[in-house]
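Input: a single structure, listed below in structure tokens.
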Amino acid sequence: MKKGKLKIYFGYAAGVGKTFAMLEGAREVQKSGIDVVSGYIEPHNRPETSKLIEGLETLPLKKINYKGIQLIEFNLEEALIRRPQVILVDELAHTNCHGSRNKKRFQDIEELLKAGIDVFTTINIQHLEGLNDVIEKITGIIVNEKIPDYIFEEADQIELIDIEPVDLLERLDKGKIYQLNKVNQAKENFFTLEKLIALREIALRKTADQVNKSAIRKAQNKKSIYAKEHVLVCVSASPSASHVIHAAARLAVAFKAEFTALYIGDLENSSKEEKDRLRQNLRLAEQLGAKLSVLYGDNVSKQIVEYAKISQISKLVIGKSVQSSFWSRENIVDLISLEAPELDIYVIPNARGQQKNTSGTLYNFKKIRFSLSDLLKTILMLTLVTSCGLAFKYWNFNVANIIMLYILGVQINAIFTKGRIFSLISSVLSVLCFNYFFTEPYYTFVAFSSNYPITFLIMLAAGLITSTLIKRIQEQVRVSAEKSYRTEVLLQTNKDLAQVDSVVEILEATVQQLKKLLDRDIVIYPIKDKVLGDESYFSTESSKYNLEKYQNFNERGVAEWVMHNNKRAGATTNTLSAANYLYLSIRGKNQSFAVIGILMKDKNELETFEKSIILAILGEAGLAL
């Protein structure tokens with residue numbers, strides 16, 4: 001089916017006349033005999049606009065009761081049944097209310113385009129995700145309703161609706177944009193001459209860029225004589241990372257470059273807030289067109305350099321707040337510059353308040369987690385070491401042996417406890433116990449010998465360093481084992497799929513590998529002749545669900561949507577997000593072979609690395625099918 005065309009009426013502020021221009025354009029199209037329908041027009045209470053709606057067929061709107069309030073939304077289902085040639089859907093960036101099919105209106109419009117329906121819509125400059133941080137600086141207003149830049153960039157036609165800022169303010173004063181009682185508030189916040197001039201300039205530039213891109217797309221059949229640029233942005237869990245991601249996305253657009261977002265680290269010991277913030281930042285990068293990549297390790301600069309060389313990165317974007325290790329005199333930018341002098345590095349200042357980075361220090365006190373069992377282990381180890389030390393003292397062993405005994409105790413404690421804080425506690429208490437029991441005067445915290453303070457410092461440093469190294473090795477072993485396991489799953493998938501012959505065997509082999517990787521229930525719908533077949537349910541040993549309980553969820557419709565749209569939907573997505581399962585399709589180049597559902601109810605959200613492995617497994621299955 002031929003895809004519909006998208007026309008966007010684009011403005012720099014409310015009241016420039018986008019909806020009016022869209023309705024005028026629709027009337028002109030209707031005169032030529034084309035079937036035009038009004039799907040949703042925002043009721044602005046403007047007489048001139050309302051008059052243009054007369055004579056246009058209007059679809060019934062969807063009424064949704066939410067928390068005792070009746071809300072009115074665009075009726076996507078009715079539009080797909082009616083199937084006009086052209087449909088008008090105002091306010092592209094609108095967020096649908098809870099209970100709607102899609103979370104955002106732009107997703108509704110994507111479905112209309114996929115069904116072959118042309119769409120006219122409207123949007124203002126401040127709703128573009130890629131310019132969101134720039135607009136926020138100009139206006140001081142945070143805009144929550146945003147669309148991914150690719151929606152705007154892939155539009156078939158952009159029509160800029162322009163008006164002089166002075167004329168726009170005159171319309172505001174006459175009550176043609178907002179009610180007169182709201183005019184003064186609007187002029188104090190958004191509608192100032194300086195802000196409107198800046199927004200208009202950005203809108204003009206964005207439209208010009210889009211015209212240039214359209215011309216380039218038409219000439220893409222000619223082979224470029226230039227080397228392909230590749231932009232890499234380093235993503236973290238920092239609140240300021242979104243500012244860096246936006247800057248990198250604009251750079252990628254300016255250079256027409258490939259765009260990759262890289263996260264290096266391990267969130268195993270991070271707080272839920274940090275994990276959620278990282279997911280938001282990675283999701284933002286993905287919305288702005290980035291390919292996601294995740295690496296594990298401590299030497300950030302080394303891994304960035306290695307990844308840049310392997311992936312042929314030409315430009316690196318990094319936040320200013322990312323610092324080097326505690327002991328290094330050079331910051332991370334200097335280290336990368338020395339290792340990869342050919343790499344262009346763009347350092348983005350932290351415009352949202354400099355945050356203290358503690359990643360390079362030995363202990364990050366924000367991540368301290370106390371455990372009673374680990375505290376008891378620490379006290380028990382200290383008691384055991386002190387008892388042995390007293391025995392050494394009774395047998396007249398050299399005091400150096402007792403010092404080594406305490407250092408050994410700190411190391412053993414580091415092996416059997418989880419938090420690094422307990423290594424710190426063990427080191428400090430070991431020094432205090434040595435001072436109390438084994439230095440004159442005994443059983444006090446005073447030392448007569450001038451050499452003992454140096455001994456105490458060396459003991460503390462040795463205990464901290466060795467325990468920190470042990471913890472780091474333990475983390476690396478865990479991460480290495482996790483990566484090896486997941487890599488083994490992927491290799492085993494490839495091997496299993498190469499040995500099967502039938503569609504049923506391929507699907508079962510795929511499901512078993514996903515279960516092995518995720519330890520979650522899986523449901524699968526085979527597709528034959530573009531029809532969704534009966535589901536099969538594969539539960540884990542500890543599962544409390546089965547096929548009958550799954551069918552009670554009534555989620556087959558979500559799988560149907562995934563089959564028709566070739567996009568993921570369900571839990572943790574913006575489409576049909578009330579579902580209990582995350583649904584993805586197994587597909588080849590031009591067709592879907594099956595829909596997989598992964599249990600998300602009562603489970604944590606999938607990690608980025610897990611998602612990449614899942615997509616790789618489904619890709620292998622699609623190839624086999």
Side-chain angles (χ1 to χ4, degrees), residues 1-10 22 25-26 28-30 32-40 57 59 74-94 96 100-123 128-129 147-159 207 210-221 253 286-289 527 529-532 558-569 573-576 583-593 595 622:
M1 182 184 295
K2 188 179 178 183
K3 187 179 178 182
K5 293 184 178 180
L6 176 63
K7 181 174 182 178
I8 295 177
Y9 290 83
F10 185 47
M22 179 177 70
E28 289 297 319
V29 170
Q30 191 182 43
S32 62
I34 292 174
D35 180 22
V36 181
V37 167
S38 170
Y40 182 91
E57 179 187 344
L59 288 180
F74 168 59
N75 198 328
L76 174 61
E77 292 80 3
E78 190 69 28
L80 291 172
I81 294 170
R82 173 62 177 77
R83 296 182 69 83
Q85 288 177 276
V86 176
I87 189 167
L88 314 183
V89 186
D90 212 357
E91 302 290 346
L92 176 61
H94 173 74
N96 296 329
S100 299
R101 178 157 157 173
N102 293 312
K103 187 175 181 181
K104 303 287 290 186
R105 184 167 288 166
F106 76 80
Q107 295 173 301
D108 294 340
I109 288 175
E110 285 184 309
E111 288 200 47
L112 294 171
L113 296 172
K114 191 174 179 64
I117 302 169
D118 293 347
V119 179
F120 288 5
T121 188
T122 63
I123 194 170
L128 296 182
E129 178 71 76
I147 67 163
D149 283 24
Y150 76 85
I151 301 292
F152 185 84
E153 290 165 3
E154 292 177 3
D156 298 275
Q157 189 177 351
I158 305 291
E159 184 169 325
T207 307
Q210 189 61 24
V211 171
N212 186 42
K213 283 180 193 171
S214 298
I216 290 170
R217 275 204 300 266
K218 290 176 183 177
Q220 272 183 345
N221 291 333
V253 169
E286 196 171 19
Q287 287 175 349
L288 293 173
I527 298 172
D529 299 327
K530 297 184 179 180
V531 176
L532 201 67
V558 186
E560 292 268 8
W561 189 92
V562 171
M563 177 185 70
H564 290 301
N565 291 275
N566 267 341
K567 290 184 178 180
R568 64 185 179 184
T573 72
N574 290 331
T575 302
L576 302 166
Y583 294 88
L584 307 100
S585 62
I586 300 177
R587 59 180 182 263
K589 188 175 181 181
N590 298 313
Q591 70 177 113
S592 293
F593 298 107
V595 174

_Partner of Asp35 under side chain to side chain donor-acceptor pair (under 3.5 Å), chosen from Arg83, Gln30, Arg82, Gln85_ = Arg82

*Under the salt bridge (charged side-chain N to carboxylate O under 4.0 Å, His left out) test, which residues partner Arg101, sequence neighbours left out?*
Glu77, Glu111

*Do Arg587 side-chain atoms and Asn566 backbone N/O form a donor-acceptor pair below 3.5 Å?*
yes

*Find out whether Glu153 and Gln210 are in side-chain contact, i.e. whether some heavy atom of one side chain is under 4.5 Å from a heavy atom of the other.*
yes

*Within-4.5 Å side-chain heavy-atom neighbours: Glu560 and Val562*: no

*Separation of Asn102 CG from Thr575 OG1 (nearest 0.5 Å)*: 4.0 Å

*Under 4.5 Å between any side-chain heavy atoms of Arg105 and Ile147, yes or no?*
no

*Can you spot which of Leu88, Asp90, Leu6 makes a side-chain contact (heavy atoms from CB on, under 4.5 Å) with Thr121?*
Leu6

*Could you please spell out the steps behind the side chain to side chain contact (heavy atoms under 4.5 Å, CB included) verdict for Glu78 and Leu80?*
CA-CA 6 Å; Glu78 190 69 28; Leu80 291 172; over 6 Å; no

_Val595 to Ala559 - nearest heavy-atom pair and separation_ = CG2-O, 3.7 Å

*Do Ile87 and Asp118 come within less than 4.5 Å of each other through their side chains, counting heavy atoms only?*
no

_Minimal non-hydrogen separation, Ala155 against Ile8, with atom names_ = CB-CD1, 3.8 Å

_Phe593 side chain near Ser585 side chain, heavy-atom distance below 4.5 Å_ = no

_Can you confirm whether Tyr583 sits close enough to Trp561 that some side-chain heavy atom of one is under 4.5 Å from a side-chain heavy atom of the other?_
no

*Got a second to check how far Ile158's CD1 is from Tyr9's OH, nearest 0.5 Å?*
11.0 Å

*asked:* Run the salt bridge (charged side-chain N to carboxylate O under 4.0 Å, His left out) test against Glu110 and tell me which residues pass, sequence neighbours left out.
replied: Lys567

*Any side-chain heavy atom of Phe152 sitting closer than 4.5 Å to one from Phe106?*
no

*Just one of Ile151, Thr122, Val119, Asp108 clears the side-chain contact (heavy atoms from CB on, under 4.5 Å) bar with Leu92, so which one?*
Ile151

*Taking only residues two or more places apart in sequence, or in another chain, which ones meet Glu28 in a side chain to side chain contact (heavy atoms under 4.5 Å, CB included)?*
Lys31

*Of all the heavy-atom pairs spanning Pro84 and Ile117, show the shortest one and how long it is.*
O-CG2, 3.4 Å

*asked:* With a 4.0 Å cut-off on N to O distance, would you call Lys7 and Glu159 a salt bridge?
replied: yes

